[in-house]
**Student:** 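Let me give you the structure first, and then I'll get to my questions.
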Amino acid sequence: MKLFEWIFVLVTIAGALGLPFYSKRRKLAIVGLTALIIAFLLHAVIDSLRVMLLPSYIVALVLCILFIVQLVKWSLRGEGDVPAPYNKKSRLRTWLRGLFILLLTAFSGIGSGLLTWYFPTFTIPEPTGQFAIGTFSQRIVDESREETLSPEAGDKRELMINVWYPVDPEVAEGIKPESYPAELGEAISLVFGIPPQVFSYLDTIPTHVVKGAAMSNASSSYPVVLFSPGVRSARFQSMTAVEELVSHGYIVVGMDHPYTSAQVTFPDGHKVSYDAGPEFTASEELYQYNVQGVGIRAADARFVLDTLEQWNVNDPNQVLEGRLDLNHTGIMGHSYGGATTAEALAQDERFQAGLSLEGGFWGSVSKSSLKQPFMYIMSGKTAKSLGPNPTEHEKLFYPEFEPDLQHVMKNSLNDTYYLTVDGFFHQSFTDIALISPRLFAKDMPAEHNIDITRSYALAFFDRYLKGEAQPLLQGSSAKFPEVTYDNEYTKVRSKQAE
């Protein structure tokens, strides 16, 4: 909890414990009401309201009503500090009042305490690179493609993207950092079935990103990495990985894919929400549906790259012109975004390297041979679904996955890396461990969870987009004992990586 959250909860508890005395002491009641109002206002203005403190808000409201009722009684009687007259039922009333006080204090203290324990406010881990991080967002429209799911005939495929780029630290100083976007709460709600109001506080959590800062001139141009989020998610789902890459001198472009992303909000205010699609009874029907869906997303990635090529010549935002090293472009994604990554590699050789965080292989990638370096990272939980005698059946697993994986990894013409992370589940590749360590990072500290994904992503792209040797890619690491390489699928075939 933040400081003024603690103060507010403690004031509500003190206010409840003082109930036996307020009916006899007017000044004490006035002090209690004043303290409660001040504590609430300080918390609301400085910390902002959070659903996790709802029990304390309810207790505060009850106390305020009791205070006001008592003050009205005094006003009507015209006297105060009068002891209550003796009543034969006073002992029963004393017990009931004591029980009421106990319930109020427990509801405020334990209720709010548990909720904030499960969903704490948090600080995003510091990026380890030398650069600060700038950003801008942009709506782009592919006039060559019609939007197949739009209710309006003839609508063109439109995307929202964010570009994150390196900034000199001294330039970023004094600029208020951006907070987590509200869209992230909607995405988490869709994935886990938790009411989105629970995550309304996320837009009070500062990132390390600033708007309006000039790009660093430490290099004339920077390699580029595209990021594709999972289905029902958002381009902001993995800000820790984005920040890490940018801090080390990459330009990262996050893409939202309308109808498979959670909710895409465009500059004019209109929103496109996630479309779950039809239900399928046969696995083959679902497989073909995903081939189509991933094909649309891969076309999105190719269109974004086309747009970046144009902006490298003439950028309407006057940020990227001449600064994009498009000869060194990579792509990464999680889940459906990982599938997007693999298919984009298969379709477009302008992508020089790809990282899939537990994605599928829907499309031409399952029938061709990748020519670019490719890394695949799987969670320990999903890995238990593989093999002839699986110990678990992850609900995200599908029958065609294992033969597709085998084809892609064994038929690749370039370097392949296949890693498994024990203690991870499917969403561990996002920032969810920070949002609720008790629910989503039970087997390791949340910061360590985050460090695994961002460290291996950085090592992979540093190796294949910058040509720098990376010990982390050469085998097991004492820093990350949870990570193991699969010897069958991990093959260094190119001379560059030797």
**Student:** Does NZ or CZ of R438 fall inside the cone over Y118's six-membered ring, less than 6.0 Å from its centre and within 45° of the axis?
**Tutor:** no
**Student:** Are the charged groups of R145 and D300 less than 4.0 angstrom apart, N to O?
**Tutor:**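 Here R145 pairs with D300 in a salt bridge, since their nearest N and O are under 4.0 Å apart.
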**Student:** Does this structure show an ion pair linking E468 with R463, if we count only N-O contacts that are shorter than 4.0 Å?
**Tutor:**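 Judged by the 4.0 Å cut-off on N to carboxylate O distance, E468 and R463 do not form a salt bridge.
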**Student:** Less than 4.0 angstrom from a charged side-chain N to a carboxylate O is my criterion; do K156 and E143 meet it?
**Tutor:**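 E143 and K156: not salt-bridged.
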**Student:** Do we get K491 above Y417's six-membered ring, with its NZ or CZ under 6.0 Å from the centre and within 45° of the axis?
**Tutor:**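 Not flagged: K491 not positioned over aromatic ring of Y417.
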**Student:** Do the charged groups of D256 and R235 touch, with an N to O distance under 4.0 Å?
**Tutor:**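 The answer is yes: the pair qualifies as a salt bridge.
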**Student:** Under the salt bridge (Lys or Arg N to Asp or Glu O under 4.0 Å) definition, can you give me all pairs with a residue in residues 303-324, not counting sequence neighbours?
**Tutor:** D306-R350, E309-R350
**Student:** With sequence neighbours excluded, tell me which residues meet salt bridge (charged side-chain N to carboxylate O under 4.0 Å, His left out) with D404.
**Tutor:**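 D404 satisfies salt bridge (charged side-chain N to carboxylate O under 4.0 Å, His left out) with no other residue.
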**Student:** I'd like to check the side chain to side chain donor-acceptor pair (under 3.5 Å) partners of Y456; sequence neighbours left out, ordered by chain and number.
**Tutor:**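 Applying side chain to side chain donor-acceptor pair (under 3.5 Å) to Y456 gives none.
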**Student:** So, are R157 and E146 salt-bridged, with charged N and O less than 4.0 Å apart?
**Tutor:** no
**Student:** To the closest 0.5 Å, what do you measure between CZ (F227) and OG (S238)?
**Tutor:** 3.5 Å
**Student:** On the 0 to 90° scale, with breaks at 30° and 60°, tag the Y489-Y418 ring pair as parallel, tilted or perpendicular.
**Tutor:**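 Perpendicular: the ring planes of Y489 and Y418 meet at over 60°.
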**Student:** Is E343 salt-bridged to R297, going by a charged N under 4.0 Å from an acidic O?
**Tutor:**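 The answer is no: the pair does not qualify as a salt bridge.
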**Student:** Are any of the side-chain nitrogens in K479 or D451 under 4.0 Å away from the carboxylate oxygens of its partner?
**Tutor:**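 Looking at D451 together with K479, the answer is yes, because their closest N to O distance falls below 4.0 Å.
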